Amino acid sequence: ARTKMDAGLPFLLQYANVARYDGAEATVSILDRRCYPARTEFVVCKTVEDVAHAVRDMVTQSLGPFMAVAHGMVLAAHLAKKLSTTERKATLEKDAYTLSHARPTTSASMQRHVNKLLEVALEAIADGQDPEDVVHKYVIRWQDISYEAAKKSAENVVKLLPQTCRILTQCFADTYIAFTLLLAKQAGKNVSIYCTETRPYLQGARLTASCAQDLGIPTTVITDNMPAYVMSRGMVDVFICAADVITLDGYVCNKIGTFQIALAAHYHKIPFYCMREPSPLHPTMDSVHVEERDGTESLQFMGIRTTKQGVKGFYPAFDITPPHLVSAVISCRGVFSPFNLQSFSTLTPDPVI
């Protein structure tokens with residue numbers, strides 16, 4: 001049997017620990033990354049809206065929502081089973097819209113992802129097959145293809161790293177950073193990592209640092225206001241992160257705070273490698289809608305309010321880094337200048353969304 005692509009990855013990135021569909025119970029279970037690693041809990045979704053709500057509420061982040069909604073489409077196919085063919089198609093189309101519009105910044109990529117699953121489901125219905133079974137098998141194959149593409153990207157970035165390398169990363173770059181650390185270690189490189197804690201949900205401290213620790217990588221967490229200082233002390237060799245969107249004109253939309261780290265890296269002449277497939281769905285930065293979440297989320301720390309009542313919060317979930325601050329865009333197809341991404345406009349979008 002073919003080895004699954006999640007083999008050797010940390011607990012957090014094992015397929016079943018991201019999101020999974022239980023056919024017997026007709027549920028989607030999503031690891032609650034908001035409380036991991038303090039607690040290992042799963043949010044159990046019984047409806048398509050439950051899955052969309054979990055994505056909106058940050059139960060899972062990074063590539064997690066794409067896996068969650070994929071299993072959500074399997075659930076949708078199950079729940080529509082007893083409807084007439086016409087009703088079933090209409091319901092699946094409605095469910096696809098619900099799942100793909102849970103969060104705005106990644107909605108274009110999510111629509112492409114979910115609409116492919118919808119297409120698979122509708123083709124199964126037309127062929128007289130069980131769409132629940134057909135979509136589920138498709139999702140299982142897609143998981144491996146997605147992880148394999150992330151691994152190829154990691155192979156490309158590892159070639160750029162010096163023999164001894166101190167990496168600074170931002171937020172949670174998911175399979176991109178995990179495969180980068182795993183492959184660098186397997187290549188005999190002496191890598192260590194600094195993780196920004198990433199307020200207000202602490203994805204860097206809780207998720208990235210947990211993955212790196214599980215892989216046996218020396219791991220240090222710093223607060224979000226420390227990157228320039230650790231760079232000035234000569235403690236960082238490279239800044240690596242993923243992105244929610246890389247536009248074809250070279251702009252990087254990623255977790256809020258990425259821009260200021262890129263500025264500090266540029267000042268200190270430290271390379272910044274951004275890992276993701278540039279999106280033909282976003283030819284220019286003007287096509288990206290930056291999500292602004294409820295400002296009260298920035299007024300708390302792990303559920304504890306940190307300010308007096310009446311104090312206002314502001315929380316843009318992402319920021320924009322211009323191409324002149326990006327040393328290279330790392331894709332499964334190779335290493336690219338951020339000023340030379342137009343070739344992606346004619347390529348079939350990669351399965352790593």
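This structure is a prediction, so every number in the text was calculated from the model and none was measured.
Taking the six-membered ring where the residue is Trp, the centroids of Phe272 and His266 are separated by 6.0 Å or more.
Panel note: side chain Thr208, backbone Cys171; a donor-acceptor pair is recorded below 3.5 Å. Checking side-chain atoms of Thr306 against main-chain N and O of Leu299 turns up a donor-acceptor pair under 3.5 Å. The backbone N or O of Val59 lies less than 3.5 Å from no partner atom in the side chain of Asp57, so there is not a single donor-acceptor pair. In terms of modelled atom types and a separation under 3.5 Å, the side chain of Asp244 and the main chain of Thr106 share no donor-acceptor contact. Put simply, the side chain of Gln14 never gets that close to the backbone of Asn17: no donor and acceptor are under 3.5 Å apart. Side chain of Ser345 to main chain of Gln342: a donor-acceptor pair is present (N/O by atom type, distance under 3.5 Å, no hydrogens or angles). A distance-only check finds no donor-acceptor pair linking the side chain of Arg276 to the backbone of Ala242 [under 3.5 Å]. In this structure, Lys151 contributes its side chain and Phe179 its backbone to no donor-acceptor pair below 3.5 Å. Although no hydrogens or angles enter the test, the distance criterion places a donor-acceptor pair under 3.5 Å between the side chain of Arg305 and the main chain of Lys308. Side-chain N or O atoms of His101 include one that pairs as donor or acceptor with a backbone N or O of Tyr97 at under 3.5 Å.
Put simply, the residue from Trp142, Tyr15, Phe66 that forms a ring-ring contact (aromatic ring centres under 6.0 Å, His included) with Tyr147 is Tyr15. Paired with Tyr201 under the rule side-chain hydrogen bond (donor to acceptor under 3.5 Å, both in side chains), one option of Lys255, Arg34, Glu297, Arg206 passes, and it is Glu297.
To the nearest 0.5 angstrom, Leu181 atom CG is 9.0 Å from Cys211 atom SG. For the atom pair Leu9 CG and Leu13 CG, the distance stands at 6.0 Å (nearest 0.5 Å). Within the model, atoms CE of Met235 and CZ of Arg166 stand 8.0 Å from one another, a figure rounded to the nearest 0.5 Å. Separation of atoms CG (Asp249) and CE (Met285) is listed at 8.0 Å; rounding is to 0.5 Å. In this structure, the separation between CD1 on Ile246 and CG on Asn254 is 8.5 Å, given to the nearest 0.5 Å. One finds the CG atom of Asp22 at 11.5 Å from the NE2 atom of His71 (value rounded to the nearest 0.5 Å).
Smallest separation of non-hydrogen atoms from Cys332 and Ala149: CB-O, 3.3 Å. Closest approach of Arg33 and Ser62 over heavy atoms only: NH1-CB, 4.3 Å. The heavy-atom pair separating Lys189 from Val158 by the smallest distance is NZ-O, 2.7 Å. The two residues His282 and Ser287 come nearest to each other via the heavy atoms ND1-OG, 2.9 Å. Closest of all the heavy-atom pairs between Leu75 and Thr27 is CD1-N, 4.4 Å. For Met5 against Asp144, the heavy-atom pair with the smallest separation is N-OD1, 2.9 Å.
Using a cutoff of 4.0 Å between basic side-chain nitrogens and carboxylate oxygens, Glu49 and Arg56 are scored as salt-bridged. Ionic pairing of Glu291 and Arg293 is present here: one or more N-O contacts between side-chain nitrogen and carboxylate oxygen are shorter than 4.0 angstrom. Using a 4.0 Å cut-off between charged side-chain N and carboxylate O, Glu277 and Arg333 make a salt bridge. Taking the charged nitrogens against the carboxylate oxygens, Asp130 and Lys81 do have a contact shorter than 4.0 Å, which makes a salt bridge. Using a 4.0 Å cut-off between a side-chain N of Lys or Arg and a carboxylate O of Asp or Glu, Glu119 and Lys116 qualify as a salt bridge.
When side chains are defined from C-beta on, Glu197 counts as touching Arg199, because their heavy atoms get closer than 4.5 Å. A heavy-atom distance below 4.5 Å is not found between the side chains of Val18 and Leu31. Proximity of Ile167 to Leu161: side-chain heavy atoms (C-beta onward) are separated by under 4.5 Å at one or more points. By the 4.5 Å heavy-atom criterion applied to side chains, Glu132 and His136 are not counted as neighbours. No side-chain heavy atom of Leu248 sits under 4.5 Å from any side-chain heavy atom of Thr284. Within the 4.5 Å cutoff, no side-chain heavy atoms of Tyr315 are placed close to those of Glu292. Residues Leu325 and Leu263 meet the side-chain proximity criterion, which asks for heavy atoms closer than 4.5 Å. Annotation: side chain of Leu168 is in contact with side chain of Ile222 (closest heavy-atom distance under 4.5 Å).
A side-chain donor-acceptor contact under 3.5 Å links Gln170 and Thr196. Judged purely by distance below 3.5 Å, without hydrogens or angles, the side chains of Ser84 and Glu87 pair a donor atom with an acceptor atom. Of the N and O atoms on the side chains of Glu41 and Tyr36, not one donor lies less than 3.5 Å from an acceptor on the other residue.
The neighbour count for Phe339 CZ, taken as heavy atoms of other residues, nucleotides or ligands under 6.0 Å away, is above 12. Heavy atoms of other residues, nucleotides or ligands lying less than 6.0 angstrom from CD of Glu155 number more than 12. Environment of CZ in Phe11: crowded, with over 12 heavy atoms of neighbouring residues, nucleotides or ligands closer than 6.0 Å. In Lys152, the NZ atom is not crowded: 12 or fewer heavy atoms of neighbouring residues, nucleotides or ligands sit closer than 6.0 Å.
The same ILVMFWY cluster, assembled from side-chain heavy atoms under 4.5 Å apart, contains both Tyr21 and Val139. Put simply, Leu63 and Phe318 are part of two different groups of oily side chains (I, L, V, M, F, W, Y) that touch within less than 4.5 Å, one to the next. Cluster membership for Val120 and Leu122, using ILVMFWY side-chain heavy atoms within less than 4.5 angstrom, is shared. Neither Val245 nor Phe259 shares a network with the other; the hydrophobic side chains, linked directly or stepwise wherever heavy atoms of I, L, V, M, F, W or Y lie under 4.5 Å apart, form separate groups for each. Under the 4.5 Å side-chain contact rule for hydrophobic residues, Val157 and Phe172 share a cluster.
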Q: For Cys253 and Thr105, run side-chain contact (heavy atoms from CB on, under 4.5 Å): C-alpha distance rounded to whole Å, both residues' side-chain angles, the deciding distance at 0.1 Å, then the answer.
A: CA-CA 9 Å; Cys253 178; Thr105 300; 3.8 Å; yes

Q: Quick one: do Thr223 and Met226 satisfy side-chain contact (heavy atoms from CB on, under 4.5 Å)? Show the steps, please.
A: CA-CA 6 Å; Thr223 59; Met226 293 183 188; 3.2 Å; yes

Q) Checking side-chain contact (heavy atoms from CB on, under 4.5 Å) for the pair Cys274/Ile330: CA distance, chi angles, key distance, verdict? A) CA-CA 6 Å; Cys274 188; Ile330 313 296; over 6 Å; no

Q: Please step through side-chain contact (heavy atoms from CB on, under 4.5 Å) for the pair Gln163 and Asn190, ending with a clear verdict.
A: CA-CA 6 Å; Gln163 184 61 33; Asn190 180 23; 5.5 Å; no

Q: Evaluate the side-chain hydrogen bond (donor to acceptor under 3.5 Å, both in side chains) criterion for residues Asp95 and Thr98: first the C-alpha distance (whole Å), next the side-chain angles of each, then the deciding distance (0.1 Å), finally the verdict.
A: CA-CA 5 Å; Asp95 290 342; Thr98 297; 5.1 Å; no

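A search for side-chain contact (heavy atoms from CB on, under 4.5 Å) contacts involving Gln260 returns nothing, not counting sequence neighbours.
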